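First the structure, in the form of structure tokens, and then the observations on it.
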Amino acid sequence: MRIQVITLFPEEFRRMVDFGVIGRALRDGRVRLETLNPRDFATDRHRTVDDRPYGGGPGMVMAVEPLRSAIRAARDSSVVRQPRVGLLTPQGRRFDQANARDCAKRGELILVCGRYEGVDERLIAREIDEEWSIGDYVLSGGELAAAVVVDSVARLVPGVLGDADSAAQDSFSEGLLDCPHYTRPENVEGDGVPGVLLSGDHEAIRLWRRKQALGRTWQRRPDLLQGRELNEQDRRLLEE
Ligand code: ADE
């Protein structure tokens, strides 16, 4: 997987993702992370990367020229014919696990981190395929959001996670929240472990976990169950 990130803060960006399982994937080459700085594409003496908004008002807008050149350089260096270019912005559609899966399948991804008040709308129309938000709050720039995207995509690349931390068992891998987890000791300040997990009965454990996942999703995120047909077994587990 190759991910190119266009950011005014390349070193800071790399540090945000270069640890743990993703750091290992970067080191062993399963995921290639490259950064391009629009400042390196600015042609004026001051290497300007922002400009005043038409119509006035506070704040600046990312200058068109250096950002466009950076995006085109990223596209041109791509080995796939049409690499997906995503802009991180609070105006975008919510980035979800299905998006992460889709990005991981494509093998190449270009992420553009907005700064200041945003990016010129014509540049978005011409150069950006997807506008993604990671939630309904405003960050100071797209870098933290792009780091979230990099992490969620990279961990789906084959071989990045070992069997022990397989992505198949993640929350959302089946559109449900994850079940609760327990480890030693068996007693934490008087709180025990649900008996079924100590029973050794694998089928009973599987059903208990499924029921927990369904129940949690129903309680905490009913939106995830909307429009979804539950199978007979799931319906029974929810009703029990
Ligand atoms: N840039 C600023 N805020 C953001 C958000 N919530 N998601 C994606 N990009 C952003």
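Everything numeric in this text was worked out from a predicted model, so none of it was measured. The figures that follow rest on heavy atoms only: side chains count, while hydrogens, waters and symmetry mates do not. Counting starts at 1 for both ligands and their atoms, in listed order.
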On a heavy-atom basis, which atom in Pro83 and which in Arg81 lie closest, and how many Å separate them?
CD-O, 3.6 Å
Looking only at heavy atoms, what is the nearest atom pair of Leu237 and Arg210, with distance?
CD1-CG, 3.6 Å
For Arg15, give me all partners under side-chain contact (heavy atoms from CB on, under 4.5 Å), at least two apart in sequence or on another chain.
Glu11
Please confirm whether Phe95 approaches ligand 1 to less than 4.0 Å, judged on its heavy atoms.
no
Within less than 4.0 angstrom of ligand 1, does Ala146 place any heavy atom?
no
Specify side chain, backbone, both or neither for Thr89, according to which of its non-hydrogen atoms lie closer than 4.0 Å to ligand 1.
backbone
Pair Asp178 + Arg216: basic N to acidic O under 4.0 Å
no
Heavy atoms only: which of Gly142, Pro90, Cys113 lies closest to atom 4 (C) of ligand 1?
Pro90
Selection from Ile134, Leu144, Leu139 by shortest heavy-atom distance to atom 2 (C) of ligand 1:
Leu139
What are the atoms of ligand 1, with element, lying closer than 4.0 Å to any heavy atom of Gly141?
1 (N), 2 (C)
What atoms of ligand 1 come within less than 4.0 Å of a heavy atom belonging to Trp132?
8 (C)
Qualifying salt bridge (charged side-chain N to carboxylate O under 4.0 Å, His left out) pairs with a residue from residues 103-119, counting only residues at least two apart or across chains:
Arg2-Glu108, Asp102-Arg106, Arg115-Glu143
Polar-atom distance check: [X] versus ligand 1, any N or O pair below 3.5 Å?
X      : answer
Tyr137 : yes
Gly135 : yes
Val138 : no

Are Val85 and Trp132 in one and the same hydrophobic cluster, where Ile, Leu, Val, Met, Phe, Trp and Tyr link if side-chain heavy atoms are under 4.5 Å apart?
no
Within the distance-only criterion (no hydrogens, no angle test), does the side chain of Thr217 pair as donor or acceptor with the backbone N or O of Leu177 below 3.5 angstrom?
yes
